[in-house]
Every structure is written in C-alpha cells, then in structure tokens.
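Notes for the one structure printed next.
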Amino acid sequence: MVAGRVTDDKGSPLEGVSVQAKGTSGGVTTNNQGRYSLTLSGGSDTLVFSYVGFGTQEVAIGGRKSIDISLLSDAKALADVVVVGYGKQKKVNLVGSVSAVNVDDKLTSRALPNISSGLEGLVPGLAVTQNSGMAGSNGASLLIRGLGTVNNASPLIVVDGMPDIDINRININDIESVSVLKDATSASVYGSRAANGVILITTRSGKNQRKTAITFNSTTALTKPTKGFDFLANYPRALTLEQRRASTNTLPSNLLFKNGTIDQWLALGMIDPVRYPNTDWWNIIMRDGSLQSYNISASGGDEKSNFFSSVGLKKEVGLQINNDYKQYNARFNFDYKLRSNMNTGVRFNANTSTYTFALAEGFTDSDPTNTAGFDMQYAIAGILPYDPKTGYYGGVMAYGEDPQAYNPYTVYQNTLTHQNRQEANGSMYYDWTPVKGLTASVDYAVNYYNQFQYQANTPNQAFNFQTNTFGSRVYVGPNAGISNDTRTGYKTLFNGRLNYHTIFKKNHDISALLVYSEEYWYDRYQFSSRNDRLYPTLSEIDAALTDIQSTGGNSSAEGLRSYVGRFNYTGFNKYLFEFDGRIDGSSKFLDGSRYGFFPSVAVGWKFTEEKFINRFSEKFLNSGKLRVSYGSLGNNSGVGRYEQQQTLAANSYIIAGSVARGFVNTKLINQFLTWETTTVLNIGADLSFLRNRLTASIDYYDRLTTGMNRPSDLSLLISGAYSPAPRKNIGDMRNRGIEGDFSWKDRVGKFSYGVSLNASYNRTNLEKWNEFLTRGNIFLNMPYRFIYAYQDKGIAQTWQDVYNATPQGAQPGDILREDLNGDGRIDGNDLKAFPNAQRDRPTTYFGLNGYVAWNGFDVAFLFQGSAGRKDFWINAFNNVNFSTARYAVTQAHWDNPWSVENRNGLWPRLGGSGNNQAETTFWLDDMTYLRLKNIQIGYNVPKSVLKHIGINNLRIAGTAENLATFTSYRGLDPEKAGNNNNLYPINKSYSISVNMGF
C-alpha cells in the first residue's frame, strides 16, 4: 500500500485527482484534503497522477510507502512544450534559441496597458523600452538582440499563426503563452520576415477542460508620474531670472522687464489672480490618471471539441487632461474533431477603440508643421489659463513680454484629435491525417482594420485681462475648419502544410514540414477638410462651407509568396539535428532580384544522456544540452512598396516654341536591389541541477547583416532631375552578444519560493556604410551612433581658470573644454569618441524576479534595468541661454546656475557662452538604472470557503508598478529614448485586482 497527499503548485490540496498504478485498470481519487491511499497489485512500480486542468505526472514508487506530489497546471506544464514557427516542440529537444513566457495570474494581475510592457525584464535578449506613459500611446518598443539594421529593426509579431498583428491591441487575459525566437534556426521558417527575431503569441483554448470554466478578471489602478519638471509658478521670480539672463550683455536701462513691472506683479498677484496670475501649469494640465480593466471568459471542451470565448474592456485616463483611451475586445476560439483523423477550427477576435489627444507626444509634437509642438518651454506663469466668467483664454499681460507666449490649456482643450479604430481578425483551419504520421492542413486568415480620425478645433485667441483686449496670438482662427482622415486596409494569409512524424527502431525520431504560403496587404488612405465651420460644436465635413476645401487619397498593395521546409531528427534521445529553409518572393523587388533563399542548420547534444557522463554528473546535474546553429534571414522593411517602380510626374515641355504639359520620369531604379541578409551563429547550453531546482540557459551569438538598403549617390548633373537617389545593398552591421537565464525554484513544506535572473549584453559594430563619413557618431568599426563629444574641464571659477585654458571665448561661469590635440585651439579635432557607450540604446539589460508563497498568500517582485547607454541631458527645459522673454523657467534655473554668490552651482552661468549648451561631457549622463518594476501581494481564498458560494477560485492582489528608480540620470527617466523634449512621464501605478473562477 502507498499513501500520500496531492497539492497544486501553491500548496492547496486537490480533490478528485486520479491516482492509478501504471498498467492497471484500478485506481483511487483524492479526498477533499488531497489525500489518497492505494493498494498495489500487478507488480507495477509507477504511479500515474492525472487531473483535469493539470499536467499528468508519473512517479516511480521505489519501495516507498508515502508519496506526496505537487501537480502543475496545464499552463505551467506547457513550459515543457514551446511554441515555434508552424507548430510546437519539446523544450528538451529544441536546438534553436527560444525563450517562453507563460501568461499566468501574476502577470494578468498587474496594471499593464498592454502585453509589450509586461514583457520587460522577463526575457533575456529582448530589449523592452517604455518611452511614454501617454494613454493610448504607451506601447513599449521591442528589439531582439540589439540593432540588426538601420532600417526597421522591430521583430515580427505572430498571433495564432497570423503575422503583423499589433501586439498592443491584444487582450492580455486572452494570451496563453509568448515565445521569443532569437536565432536563425528558430526564426528561419519566417524567412524574410524574421531578420530581427519573432515574437509568437498563442491565445487560450478549452483544450483538456472537461468542465466549462467561467473566469472574471478586473484591475483598477491609480496612476501618477514617476517624475516631472518643477516649472516655476512664481512669475515675478521668473521675470527676475529673465533679467539676470539678459544682464550678461544688456544695460539695465535696456532690459525688457523693469523692476516696477516685477514689483507690481509681486504685489497685485496676491489679490488679483485674474489680471496678475502665477499659474502652476503642471497642476492645471496634469491630473491623477487611472487604468481600469475588466474581462470575462468562458472555456471548456471534451474529446470532440473545445472552445474559448472572452469579452473585455480597458479604459485609460491619461495624466494629461483630455488624454483618454478606451478599448473593447472580444475573442472566440473553437476546435472540433470531425473524424478521428480530421480536425477543424476557427479563431476570431475583434476590438474597437476611441482615443483622444491634443499633441502626438502628449505635451510635444515632433511634426514641424505643428507650431505648438515644442511650446511648453514658452508656457510662462504670467498667463491665466481660462476665465469661466468671460469664457476667454488668457494671453500675455506683462509689459515687455513676448505676445507669442504659450497657453497650453487652450491647446489641450480646443485642438483635440479624436480617433476611432476597429479591427477584426478571423482565421479557419482544416487538417487531415490520411495515414499515421502524415498530416495535411490548410488555413486562411484575414486581418481587417478601419481607422477614422477627425479634428474640429474651437476658435480661440489669447486675451489680455488687464486691458480687456485680445492679444496677437491666435490659437485657432475664426475660420476654423474640420478635417477627416480615414485609413482602411486588410491582410490575407493562406497556408498549405504537410507534416510528417515517425519513430523507427525506437531510437530514431524524425519529423518534416513543408509549407506553401501567400500573404497580401492592401491599404487605403483618404483625407478631406473644409474651412469655415458653421457652428463651433459641429464636427462633420458637411457642417463647413465649401469655399476653401482640400482632398487627398491613395492606396497601396504588396504581396509575398513563400516556400518553407523544416526537418528534425532526434537520435537515441540525445543527438539533435534540424534544418530549416525558406524561399521568399516579394512584390517590392523586380524580376531577377525578387526571390531570396534563407536556410539554417542546427545540431544539439544532450550530453547527460551519455552513460559515461551521467555516472559522474547524475548527483548534481540532472540534464545538460549543448546546441549550435547557423543560418540566414532576410529583411525588406527598408524598401517602399512602389520604390522599385517607375514614377511619373507632371512637367512642362517646350515644343515648337510653345509650352506643353506632359510627364517625366522622376527617379532612377536600381534593378539589382534585393533583400538585406542577416546571418546568425548561435552557441548555447541548457542545464538543470539539483533535481531541476536550479536551471540555466546561456547563449552566445554573432549576427551579421549585409546589404543593408541605403541611399546611393548621384552626380550633381542629374540629381536635380532624379531624386532621391536609388537605394543599394551597401551597408553591413554586426551584433555580438551573450545572454543568460538562471532560475531557482523549491518547496519546503507549505512554503514555496523561486527566483530568476536574466541578463544580456550586446555590442553593435558598423562594418560598411553607404556614404562618405566625416566626424560624427557614425563611423566604421564603431558602435552605431556612439558618443562623440568634447571633453570638459568643469566650470571656470575665476579669470585665472580662463587664462590657463585654451582660448575659447569663455568667462568665469562658463564650461571649459579640453584641447585634446594640443594645437592651441578648440575645434572639431578635439572631439573624443567613447566607443564603449551607445547613445540610442543600452548594451546591457537585466531582470530579477522572484516569488514566495505560503498557505494561499504569495508575494512577487520584479527588478529590471539596463547599462551601457549614455546621452546628453540637453533639452528645451534646462537651457541656460534661454531667450530674454517668454521662457518657462524651472526651480532648477533659480537654484543651479553658477554665479559669484553660487560658485558651487551645478550648471554654468545664465546667458553665458554658446558653448555652454554644446554636447560636452559636462552634460553627458550615464543612463544606467535599476527599477523596482513590480511588487505584488496576493491571496488565494481557500476552496473550502469558496465551495459554499459556488466559486471555484478567488485571488485578490495588490500591485505597484514602477515603484522606485535608482539612477544618476538628471532627466525625466533613463529608459526614455528619442526626443529629449518629450515631457510625458513614465507612469507609476497602484492597483487592486480580482481573479475569480466559476
């Protein structure tokens, strides 16, 4: 007889688990305490534990009388099977570099706006960068193993077999697992689409669920900025700083702002805030944000069919006023067994969203046509945002102030963009197994989208409440119009597949895959606008006059035809081999250059299966595998759909002395332009120690991208007629790196815990370029966009410091630059290269996460960070040479500039040398950071309590995101990349989540 107890991975007892002696028909089930007692017969020495929703486990008895076991849920059991391109593979037999993330309740309980943000710190080699916390535009940028190309380097996103899905519009509660394919072998079945890696997302199904389960998830979060600029709300003090700034080269009598103006504002500002305001703009245009997420799903199945359906709502209230986003999701997955050898199924999901914003980046807009794009630097405190009594928006009132000073409140109220988007994705498959081992399948998918955007700005003009007159700045003119922008399109995908799998002579496992694939894209754009709206609240095109109107529109299409093959061999459960190949033909290229072939090969050795090794390693090393892969991938993202087609434009000709209209070719075509090619060498090892409690995975890779699509050069004699110059395959870039993933999991009685560390290092090297390279941060045999700057000697404290330095037009309080080449002058020859630091992205990423659980309680944490990036902290808001009017100074402008009274000032003097704002090491910051990304405390209510109220499981959790950041960076956030003037902060959030199952 053998007895024991069965629990889940949290230590809770499982009732109804089937316990059976292998090879026999008899068995028992566990009681409500998870206990069982089984009398053995038939000489079996193995127990089989099985339970719906959990992975089946077999345990050797070995003469024991008591056996306790913990079962893994199906979601966790999936860790043994990894989703790869066009199928799944056992993790132990993988020879490619693949990382997998199972989406469990700890991930869905977090206050995440999208799954891209949730992957940060979880996958080695996957760089996740959160650039903004703006509602509706807070998706993280993803990069796998560094910058693979100077063109589009983003990975391919595949959801349930359909490429090119927007990862940020997927309901995170619908996701079962995420696989990241990083090397050529794992990604080569996607060929030309996979040069920058692939992210495979698999949604949930009701497979292996005999009983229908209903789940409800909700998350409610309060969001706040992690950090913000401290703009000075004291206008007299701001005017005093303007005086100090101007005094460096202006006589007191010529100053724009007189002492009387400052004194008057100081006195009257305390009693008349309408005519003498001291506006704290951050309090006016910012608010507490929120994130609400609600999702209900149902799933179930039997031997014949299974289904999963869900509906969800996500609502984001941004930190900026009138920045809101709302999205509804629905999904239905269904699989049905037509015959014992025939299966069919459908996948359908749809979403619709509404998005409101004023500027593209929240507080800024990089579009040069938007005159308010960078005007937050001109949001002076001496402007009243709005007067509800008159209905006017404030403008400049101080004598001498620039009338073009900025009122951000009116922009964020009256110039809003309203965007609606709908997406529908559907697919259907059919497979047939005519003979054992051979399966034929076809699937067809459609991805459709429709996006409508409109602007109907409300006329308004800056108003002076002191003189009761309108100022000269007009935010929206009286002839305000209406504009509509419509984008629609679809993508279709057809796949025909043959799979073959067989095992012969027990020790030889062979599988093969052949795929024929066609993809087609179609997109259409239409624009229309009219001026002179009939009434301010109307927003339809027909609600404006037709005197001034404009229209525009175009469409484009693209096709891709592919042939895919894969062959896998496993010998004696220890020798592994895989060959992959894909032929792609793209409509972007011309005949003769249209097709590319991208093969890869990989081998693996499970060395711990060798008896001569196992006898020494079995006590501490449970499994070990070495793998090597080499292959090529392609990329055509840098080429436009019609870039290789002749383009005609209207032009004038002189024929017989008369002007005639006609057409002319506007560009030259490079008939030999073809795919970028990326070759990847990957060497890796997977190890597990101490009864699989300690696992490690280590990879080294060398990735070379050749033939990057870059513009060529044209003679000046023809560049005027043919522009731009045709592209050529002329740039080469290499990435080398190493990454590791280490984890420890254990259980001591009712106490379970785990911790995992992942880290990656990548270095980019530019080996070939398309143009003449002079001084700058792009050069051969250097990282792409490395740091190239003047070396500073600090701030000159005295005139003697100035005299001792190389002449450079400095005075006390200015930054002194070093004369590196010693020629007695400061010029471009004194710039210094810093090859070990990249400007745009870090070289190193790391993540540390862990959990502890006891008696239904659990605590989880996630730290993540990066190193190896430096950038200049120079932007519009720390300018020490700001204009002498209409500048929004900060408290730091009062505290930090050098002066005779403040010789320890952190900044150079106000109004000093223009070199004080140059890119020198004085402003160069180390962007290294460590962030407490998430901390979570949860409780699983005991099932013994829940069964009385008809609930199967209930988990309540409290989480916090971006709780603390440790860095020496002086700016908003060290993770933000791109525009340094982007003021929208990263969000900090506190949330409560409820997960309930019926």
Side-chain angles (χ1 to χ4, degrees), residues 228-250 252 254-286 363-364 372 374-386 393-411 462-466 471-473 813 875-899 901-902 905-912 916-917 981 983:
F229 280 95
D230 186 12
F231 288 106
L232 206 58
N234 186 325
Y235 190 49
R237 179 169 287 192
L239 294 180
T240 302
L241 283 173
E242 297 274 13
Q243 276 191 336
R244 292 181 184 176
R245 156 68 181 91
S247 295
T248 57
N249 56 11
T250 305
N254 294 331
L255 293 176
L256 284 176
F257 301 110
K258 310 302 182 183
N259 291 336
T261 300
I262 298 175
D263 294 341
Q264 181 188 35
W265 209 284
L266 182 64
L268 297 181
M270 294 182 285
I271 59 176
D272 191 351
V274 173
R275 297 196 300 163
Y276 298 90
N278 291 285
T279 301
D280 185 344
W281 286 113
W282 221 234
N283 282 341
I284 298 296
I285 60 179
M286 291 283 282
F363 300 102
T364 53
F374 293 112
D375 276 7
M376 266 308 293
Q377 61 185 306
Y378 307 129
I380 61 173
I383 291 179
L384 183 72
Y386 176 72
Y393 294 87
V396 167
M397 291 182 283
Y399 182 78
E401 186 62 272
D402 189 330
Q404 294 302 306
Y406 180 56
N407 181 343
Y409 183 74
T410 182
V411 173
F463 189 78
N464 187 327
F465 294 98
Q466 292 181 5
S472 62
R473 178 151 191 174
N875 55 54
F877 310 106
N878 65 349
N879 189 354
V880 291
N881 291 339
F882 52 83
S883 61
T884 55
R886 71 156 189 160
Y887 183 73
V889 296
T890 65
Q891 182 63 41
H893 281 94
W894 185 269
D895 298 331
N896 292 343
W898 183 96
S899 66
E901 297 81 16
N902 186 30
L906 301 177
W907 295 358
R909 66 190 177 108
L910 296 179
N916 289 341
Q917 292 296 122
N981 295 314
L983 286 174

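What you see below is based on every heavy atom in this structure, not just the backbone, and it leaves out hydrogens, waters and symmetry mates.
- Between the side chain of Asn278 and the backbone N or O of Tyr235, at least one donor-acceptor pair lies under 3.5 Å.
- Distance check, rounded to the nearest 0.5 Å: CG of Leu910 to CZ of Arg245 gives 8.0 Å.
- With Trp281 contributing its side chain and Leu232 its backbone, the two residues share no donor-acceptor pair below 3.5 Å.
- Counting heavy atoms from C-beta on, the side chains of Thr884 and Thr250 never come closer than 4.5 Å.
- In plain terms, the two heavy atoms of Gly394 and Phe465 that are nearest each other are CA-CE1, 3.6 Å.
- For Thr410 (side chain) and Tyr393 (main-chain N/O), no donor-acceptor pair under 3.5 Å exists by modelled atom type.
- Between Gln264 and Tyr276, some side-chain heavy-atom pair lies under the 4.5 Å cut-off.
- With rounding to the nearest 0.5 Å, the separation of OG in Ser472 from CG in Asn464 is 10.5 Å.
- The ring-ring contact (aromatic ring centres under 6.0 Å, His included) search around Phe877 returns Phe229, Phe231, not counting sequence neighbours.
- A distance-only check finds a donor-acceptor pair linking the side chain of Glu401 to the backbone of Arg886 [under 3.5 Å].
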Item to check | Chi angles and distances behind the side-chain contact (heavy atoms from CB on, under 4.5 Å) call for Ile285, Phe363 | outcome: CA-CA 10 Å; Ile285 60 179; Phe363 300 102; 3.6 Å; yes

Checklist entry - side-chain contact (heavy atoms from CB on, under 4.5 Å) between Tyr406 and Arg473: does it pass, once the steps are laid out? => result CA-CA 9 Å; Tyr406 180 56; Arg473 178 151 191 174; 3.8 Å; yes

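- Residues satisfying the salt bridge (charged side-chain N to carboxylate O under 4.0 Å, His left out) test with Asp272, not counting sequence neighbours, are Arg275.
- Every residue two or more places apart in sequence or in another chain that forms a salt bridge (charged side-chain N to carboxylate O under 4.0 Å, His left out) with Arg909 is listed here: Asp814.
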Item to check | Working for side-chain contact (heavy atoms from CB on, under 4.5 Å), residues Tyr887 and Glu242 | outcome: CA-CA 8 Å; Tyr887 183 73; Glu242 297 274 13; 3.7 Å; yes

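- Scanning all heavy atoms of the two residues, the minimum distance from Thr248 to Gly911 falls at OG1-O, 3.2 Å.
- The OG1 atom of Thr364 sits 11.0 Å away from the CD atom of Gln377 when rounded to the nearest 0.5 Å.
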Checklist entry - Under the side-chain contact (heavy atoms from CB on, under 4.5 Å) criterion, do Gln466 and Tyr399 qualify, and how do the steps go? => result CA-CA 11 Å; Gln466 292 181 5; Tyr399 182 78; over 6 Å; no

Please table the atom pairs, donor to acceptor, closer than 3.5 Å between any side-chain atom in residues 254-263 and protein atoms at least two apart or in another chain.
from, atom 1, to, atom 2, distance (Å)
Lys258, NZ, Ser253, O, 2.9
Lys258, NZ, Leu255, O, 2.9
Asn259, OD1, Gln243, NE2, 3.1

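- The backbone N or O of Ala892 sits nowhere less than 3.5 Å from a side-chain atom of Asp230 that would complete a donor-acceptor pair.
- Rounded to the nearest 0.5 angstrom, Asp375 CG and Gln404 CD are separated by 9.0 Å.
- In terms of modelled atom types and a separation under 3.5 Å, the side chain of Asn878 and the main chain of Asn875 share a donor-acceptor contact.
- Every pair passing side-chain hydrogen bond (donor to acceptor under 3.5 Å, both in side chains) that includes a residue from residues 888-897 is listed here, sequence neighbours excluded: Thr890-His893, Gln891-Asp895.
- Under the rule for a ring-ring contact (aromatic ring centres under 6.0 Å, His included), Trp898 has no partner lying at least two apart in sequence or in another chain.
- Remark: of the listed residues Val396, Ile380, Ile383, Ile383 is the sole one forming a side chain to side chain contact (heavy atoms under 4.5 Å, CB included) with Asn407.
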